[in-house]
Number of protein chains: 2
Amino acid sequence: MANRRASITDLAKTLGLSPSTISRALSNHDDVSEATKARVRQLAEELHYQPNQLAAALRRGRSNTLGVLVPHITGHFFPQVVHGIATEAAKLGFNVMICQSNEDALQEQKNIDLLMNSQVEGILVSLANTTQSFGHFEAVRQQNIPLVFFDRVVEDFSGSNVSAVVVDDYQGAYQVVTHLIEQGCTRIAHFTGPLHLSIHKNRHQGYRDALLAHGLPLNEELIMFCEMSQKGGTQAMRHLLKLPQRPNGVFSSNDLAAIGAIQAVKSQRLRVPQDVAIVGFSNEMFTMLTEPMLSSVDQRCEQMGKTAVQLLQKMLKSGPDRVGPPKPIVLKPKLLVRESSQRK
Amino acid sequence: MANRRASITDLAKTLGLSPSTISRALSNHDDVSEATKARVRQLAEELHYQPNQLAAALRRGRSNTLGVLVPHITGHFFPQVVHGIATEAAKLGFNVMICQSNEDALQEQKNIDLLMNSQVEGILVSLANTTQSFGHFEAVRQQNIPLVFFDRVVEDFSGSNVSAVVVDDYQGAYQVVTHLIEQGCTRIAHFTGPLHLSIHKNRHQGYRDALLAHGLPLNEELIMFCEMSQKGGTQAMRHLLKLPQRPNGVFSSNDLAAIGAIQAVKSQRLRVPQDVAIVGFSNEMFTMLTEPMLSSVDQRCEQMGKTAVQLLQKMLKSGPDRVGPPKPIVLKPKLLVRESSQRK
DNA sequence: TTGAAAGCGCTAACAA
DNA sequence: TTGTTAGCGCTTTCAA
């Protein structure tokens with residue numbers, strides 16, 4: 001049966017001291033004699049004393065816990081970010097409570113409530129893709145609980161204790177296209193998903209602007225709205241290879257479709273990158289496994305988690321009365337040139 | 001500045017009721033009149049009342065939270081398991097606190113303490129690979145906090161509130177080798193990592209036993225102790241292809257090395273699976289992306305997380321005074337036959 | 001059906 | 001340097 005744990009009161013009684021002295025000794029307060037501290041520590045050790053964080057948090061009004069809400073913990077991106085969050089939080093002495101919205105706006109709302117009820121000191125959120133209204137974040141703002149959005153953010157939702165961390169998709173795309181041009185590509189195709197998703201919209205815009213900036217024509221028949229899967233990429237590429245003037249470069253908005261494109265090119269006995277240079281986006285783990293290895297853009301997932309926690313910590317420290325709200329942070333993505341686009 | 005949240009006391013004062021009535025109304029107790037309930041609920045709504053879980057947990061002695069401790073949240077396996085855990089826990093109404101040991105025994109110990117201090121109601125752990133002693137789990141056992149190990153378990157650590165969920169690696173390996181034999185392979189090689197890791201040990205044993213059971217000779221020169229990376233697999237395969245009698249089947253203890261093997265075979269102008277059939281282990285996401293697609297063994301990661309939570313829940317419900325400790329659960333892995341080993 | 005009162009385990013202001 | 005006391009917000013027994 002359950003061995004009730006030792007409490008401060010227990011220690012106090014055993015040693016003939018008051019609970020406050022015990023508490024102070026355990027938290028190594030200055031004004032407790034070394035002798036007393038030693039006695040307390042020893043007994044605590046013996047009884048396997050474990051402080052009750054719940055009680056301490058209730059009393060202090062601070063839980064030492066951060067809440068994290070992600071759409072899901074699968075795939076490549078979110079696990080990495082969560083890893084970054086958990087690691088940085090641990091370093092700063094925070095516990096982490098993690099919830100998944102499963103891409104569902106209602107669950108997201110419930111989880112936000114849950115995190116607030118649990119008295120977390122700050123909340124890190126990446127939006128579910130079905131979220132349209134933002135009332136649930138209103139409550140967080142009103143309570144002045146620091147809130148950091150990452151990756152999937154709410155635009156025009158500001159406040160003295162609200163900020164965001166995102167990666168610059170536009171910039172990443174721009175870099176990719178510039179690189180392809182430098183490798184001698186003159187007809188660069190683009191695979192994209194639906195443009196109402198900001199990741200695709202921004203990458204698409206980066207593609208267009210980079211072409212224009214380098215004096216290349218914008219050819220709408222080279223822009224493929226396709227399913228961003230391996231199969232989708234293969235189909236799109238097959239289509240492009242049948243054009244009177246086929247492309248000699250491809251920028252795919254994700255890695256999966258890029259791999260499909262590689263396979264389509266190879267199956268036509270054409271060479272990657274000599275005939276068609278190909279670059280993906282996200283730097284998935286499997287980009288190193290293809291033949292040729294796929295160039296891609298690293299989104300700095302772990303860094304994003306880390307940065308988000310640091311931002312939160314900064315808000316926590318300075319309080320909401322700082323001068324102006326904290327600026328959103330935009331991480332620079334990193335182009336990784338591998339075999340699939342290295343011609344020289 | 002911070003809008004102090006409404007408390008039960010606040011509601012009570014406003015409505016001219018006692019805190020106990022408010023509490024009962026909010027938890028929908030039978031013996032509160034519907035009229036009162038309605039009033040309370042309405043006011044709670046208006047004031048955006050959020051119950052303080054910390055206080056409730058302290059009072060009840062139950063935190064409604066499960067602790068999870070994994071080596072890390074990267075790669076393929078652990079994110080999937082954590083996803084399963086988080087999903088199932090949410091379904092059963094538990095919150096989840098997640099920690100990483102970073103494969104470090106000391107951090108593991110500290111995190112176990114942390115989870116206990118946080119008054120979690122149960123703990124789910126997968127061991128760090130440096131953990132050699134198990135004193136920190138002793139404390140958990142003594143407090144009778146239900147403990148479920150998953151995947152990386154402590155052998156001979158039993159107790160009335162301790163159990164485990166693992167996947168049957170031996171069985172998975174046995175299935176693979178049987179399948180290869182059925183496909184007509186007669187000389188089956190095996191890639192393995194160091195045998196002091198139980199996953200490799202068990203898969204290795206499954207390999208041996210399956211060969212023997214089907215009357216095939218056990219040929220030590222076909223057993224490659226190699227680095228279980230893509231490169232390691234390539235090197236091992238190159239070596240094997242130079243043997244006077246080269247193998248016509250390969251069972252690799254992971255997928256990465258299997259992919260290396262495929263690439264080595266293809267680069268010799270041999271065909272997979274006709275000349276060499278290849279099967280990996282773990283069903284990584286990228287097994288669908290290779291040409292040919294790689295056969296592998298699914299470890300049921302999500303199911304493992306789900307099962308672990310259910311097991312914990314069962315312990316929590318029945319208490320430690322049940323008849324005997326809960327039996328460990330062994331999940332059956334699932335062989336997925338894809339192109340790399342399908343000859344017929 | 002409601003209220004009064006106690007207390008979960010801890011911390012911190014104040015007093016000695 | 002140590003002790004006294006009060007209370008964080010909630011639940012629950014007991015009494016009305």
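To find a chain, count down the sequence lines: A is the first, B the second, and so on, and within it residues start at 1.
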| Can you tell me how far P of C/dA6 sits from CZ of B/R60, to the nearest Å? | 22 Å

| request: Give one of base, sugar-phosphate or nothing for B/L54, where a contact means two heavy atoms less than 4.0 Å apart. | output: nothing

| query | How many Å lie between CD1 on A/I8 and C1' on D/dG7, as a whole number? | reply | 15 Å

| query | For B/N64 and D/dC10, what is the distance between atoms CG and C1' respectively, to the nearest whole Å? | reply | 14 Å

| Length of the line joining B/L11:CG and D/dT11:C1', which is rounded to integer Å | 15 Å

| Nearest-Å distance for atom pair CG/P, residues A/L58 and C/dT11 | 11 Å

| Rounded to the Å, how far apart are B/I22 CD1 and C/dT2 C1'? | 11 Å

| task | For B/T36, report the nucleic acid contact type (base, sugar-phosphate, nothing); a contact means any heavy atom under 4.0 Å. | result | sugar-phosphate

| query | Can a side chain N or O of B/T21 be found less than 4.0 Å away from OP1 or OP2 on C/dT2? | reply | no

| task | Could you tell me the separation between the CZ atom of B/R5 and the C1' atom of D/dC8, rounded to a whole number of Å? | result | 13 Å

| said: Given C/dT2, C/dC14, C/dC10, identify the nucleotide with an atom nearest to the side chain of A/S7. | reply: C/dC10

| query | Is B/Y49 near enough to D/dC10 that one of its side-chain N or O atoms lies under 4.0 angstrom from OP1 or OP2? | reply | yes

| field | Bend angle of the helix from C/dT1-D/dA16 to C/dA16-D/dT1, end axes from five pairs each (to 10°) | value | 40°

| What is the distance, rounded to the nearest whole Å, between atom CG of A/N52 and atom C1' of D/dG9? | 14 Å

| request: Please tell me if the side chains of A/L127 and A/E108 come closer than 4.5 Å, counting only heavy atoms from C-beta onward. | output: yes

| note | Of B/A55 and B/V32, the one whose nearest nucleotide on DNA chain C sits closer to the 5' end is B/V32

| note | side chain to side chain contact (heavy atoms under 4.5 Å, CB included) test vs A/M97 passes for just one of A/T65, A/I123, A/N111, namely A/T65

| Distance-only polar pair, side chains of B/H72 and B/T74, donor-acceptor under 3.5 Å | yes

| Any cation-pi pair here, B/R141 with B/F134, using under 6.0 Å and within 45°? | no

| said: Could you tell me if B/S101 and B/Q107 have a donor-acceptor pair between their side chains, going purely by distance under 3.5 Å? | reply: no

| message | Show the nearest heavy-atom pair for residues B/A6 and B/Y49, with the distance to one decimal. | response | O-CD1, 3.3 Å

| said: If you assign each of B/R59 and A/S23 to its closest nucleotide in DNA chain C, which residue comes earlier from the 5' end? | reply: B/R59

| side chain to side chain donor-acceptor pair (under 3.5 Å) partners for B/N129, two or more places apart | B/E103

| Is A/D31 touching bases, backbone alone, or none of the nucleic acid, heavy atoms closer than 4.0 Å? | base

| message | What's A/S20 touching, base or sugar-phosphate or nothing? Going by heavy atoms closer than 4.0 Å. | response | base

